[in-house]
Protein chains: 2
Amino acid sequence: MTHFGKHIRSRREDLRKHDRRFSLRQVAQRIEVEPAYLSKIERGDVAPPSEATTLKLARDLGEDQDVLLALAGKVSSDLQEIIRKRPKLFADLIRKMKEAPDHAILRIVREVRDGEW
Amino acid sequence: MTHFGKHIRSRREDLRKHDRRFSLRQVAQRIEVEPAYLSKIERGDVAPPSEATTLKLARDLGEDQDVLLALAGKVSSDLQEIIRKRPKLFADLIRKMKEAPDHAILRIVREVRDGEW
DNA sequence: TGTCATGTATTATATATAGTACACATTAAG
DNA sequence: CTTAATGTGTACTATATATAATACATGACA
């Protein structure tokens with residue numbers, strides 16, 4: 001699919017330069033999958049793993065969870081739940097935001113954080 | 001799962017009061033599934049159908065697509081795609097909006113529509 | 001009263017998802 | 001030099017997803 005595999009492989013290899021515990025086998029063990037499976041994931045031989053496994057991987061490699069999920073072609077289930085609770089409102093909001101530049105979205109996030117409602 | 005089945009059954013039966021074309025069989029034919037399958041969906045005997053089938057159903061029954069997808073436990077793939085393109089930004093936005101009251105979100109949608117950036 | 005339409009029960013199935021298990025060749029380390 | 005660790009090939013599997021096909025009992029209707 002995407003370059004999910006390439007991404008985590010290069011990230012893992014970067015980390016390994018300074019820390020031997022980032023061998024494929026040791027990462028696999030920590031995130032509780034078989035080494036052969038992680039190998040296939042990194043080479044793009046299989047589709048990206050489940051949300052749960054992707055999250056463990058993000059934690060282990062120190063990556064942003066939402067970004068890694070996105071690379072895996074997924075959207076975090078907690079976000080989905082928020083949307084599903086008020087589908088019209090959020091669908092509308094998100095579609096409107098589609099074309100908005102980053103800074104506009106950031107401004108809104110800041111406004112909301114500062115409790116401006 | 002949820003009351004997806006109940007919901008569409010009652011909606012369909014309401015429509016049928018004024019239009020005989022809303023029998024289970026005829027709806028099934030229009031949305032291109034087997035009557036037996038639609039029957040099972042309505043009775044909650046199986047999980048809600050795929051996104052594609054749910055959308056056809058929404059169109060046929062004149063329901064809001066995002067709302068019906070939400071009842072099916074899903075989030076529209078076009079929304080997911082928007083989020084995946086800027087995962088950090090949107091994850092942040094949506095989580096911040098989680099607690100916001102409807103009117104606050106509506107206000108933002110309006111502001112964005114009016115091009116306030 | 002027979003036929004037509006309705007909803008449903010049962011059985012089957014193709015494809016996708018998410019991995020495991022094990023063996024093997026190569027490389028690195030003591 | 002040999003032991004231990006590394007990455008990978010191959011084969012297999014369990015569960016879920018999303019439906020199809022057929023047959024059947026009941027009720028409407030003409």
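Below, chains carry the letters A, B, ... as their sequence lines are ordered, and counting in each starts from 1.
- In this structure, the side-chain contact (heavy atoms from CB on, under 4.5 Å) partners of B:Gln65, at least two apart in sequence or on a different chain, are B:Leu55, B:Ala58, B:Arg59.
- Within the structure, every pair that satisfies the salt bridge (charged side-chain N to carboxylate O under 4.0 Å, His left out) test and touches residues 25-41 of chain B, not counting sequence neighbours, is listed here: B:Arg30-B:Asp60, B:Glu32-B:Lys56.
- In this structure, B:Ile41 atom CD1 and C:dA9 atom C1' are separated by 16 Å, rounded to whole Å.
- When the salt bridge (charged side-chain N to carboxylate O under 4.0 Å, His left out) test is applied to A:Asp78, the partners found at least two apart in sequence or on another chain are B:Arg95.
- Listed by chain and residue number, B:Ser77 satisfy the side chain to side chain donor-acceptor pair (under 3.5 Å) test with B:Glu51 (two or more places apart in sequence, or in another chain).
- A:Val33 comes within contact range of the sugar-phosphate backbone alone, with a heavy-atom separation under 4.0 Å but no base atom that close.
- Residue B:Tyr37 places at least one side-chain N or O closer than 4.0 Å to OP1 or OP2 of D:dT19.
- Atom CZ in A:Arg21 sits roughly 21 Å away from atom P in C:dA28 (whole-Å rounding).
- In this structure A:Glu42 satisfies the salt bridge (charged side-chain N to carboxylate O under 4.0 Å, His left out) test together with A:Arg9, A:Arg12, sequence neighbours excluded.
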Atom pairs under 3.5 Å, N or O on each side, protein against nucleotides 4-7 of chain C: can you list them with distances?
unit_1	atom_1	unit_2	atom_2	d
C:dT6	OP1	B:Ser23	OG	3.2
C:dG7	OP1	B:Arg12	NH1	3.3
C:dG7	OP1	B:Arg16	NH1	2.5
C:dG7	OP2	B:Leu24	N	2.6
C:dG7	OP2	B:Arg25	N	3.3
C:dG7	N7	B:Arg25	NH1	2.3
C:dG7	O6	B:Arg25	NH1	2.8

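- Evaluation of the side chain to side chain donor-acceptor pair (under 3.5 Å) rule for A:Arg84 yields no partner, not counting sequence neighbours.
- Taking the salt bridge (charged side-chain N to carboxylate O under 4.0 Å, His left out) definition, one finds that B:Glu81 meets it with B:Lys85, sequence neighbours left out.
- Between A:Ile8 atom CD1 and D:dG7 atom C1' there is a gap of 14 Å when expressed in whole angstrom units.
- One atom, CD of A:Glu32, and another, C1' of C:dT20, lie 14 Å apart when rounded to the nearest Å.
- Side chain of B:Gln80 to backbone of B:Val75: a donor-acceptor contact under 3.5 angstrom is found.
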Give me the distances for all protein-to-nucleotides 11-17 of chain C N/O pairs that come in under 3.5 Å?
unit_1	atom_1	unit_2	atom_2	d
C:dT11	O4	B:Lys40	NZ	3.3

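- Considering only residues two or more places apart in sequence or on other chains, B:Ala28 meets the side-chain contact (heavy atoms from CB on, under 4.5 Å) condition with B:Val33, B:Pro35, B:Leu38.
- Between the CG atom of A:Asp45 and the P atom of D:dA11 there is a distance of 13 Å, rounded to whole Å.
- Within residues 49-66 of chain A, the residues approached by DNA chain C to less than 4.0 Å at the level of any non-hydrogen atom are A:Ser50, A:Thr53, in residue-number order.
- Not a single donor-acceptor pair under 3.5 Å links the side chain of B:Thr53 to the backbone N or O of B:Pro49.
- Residue A:Ile31 contributes atom CD1, which lies 14 Å from atom C1' of C:dT20 at whole-angstrom precision.
- In this structure, CD of B:Glu34 is placed 18 Å from P of C:dT10, rounded to the nearest angstrom.
- Listed by chain and residue number, nothing satisfies the salt bridge (charged side-chain N to carboxylate O under 4.0 Å, His left out) test with B:Asp64 (two or more places apart in sequence, or in another chain).
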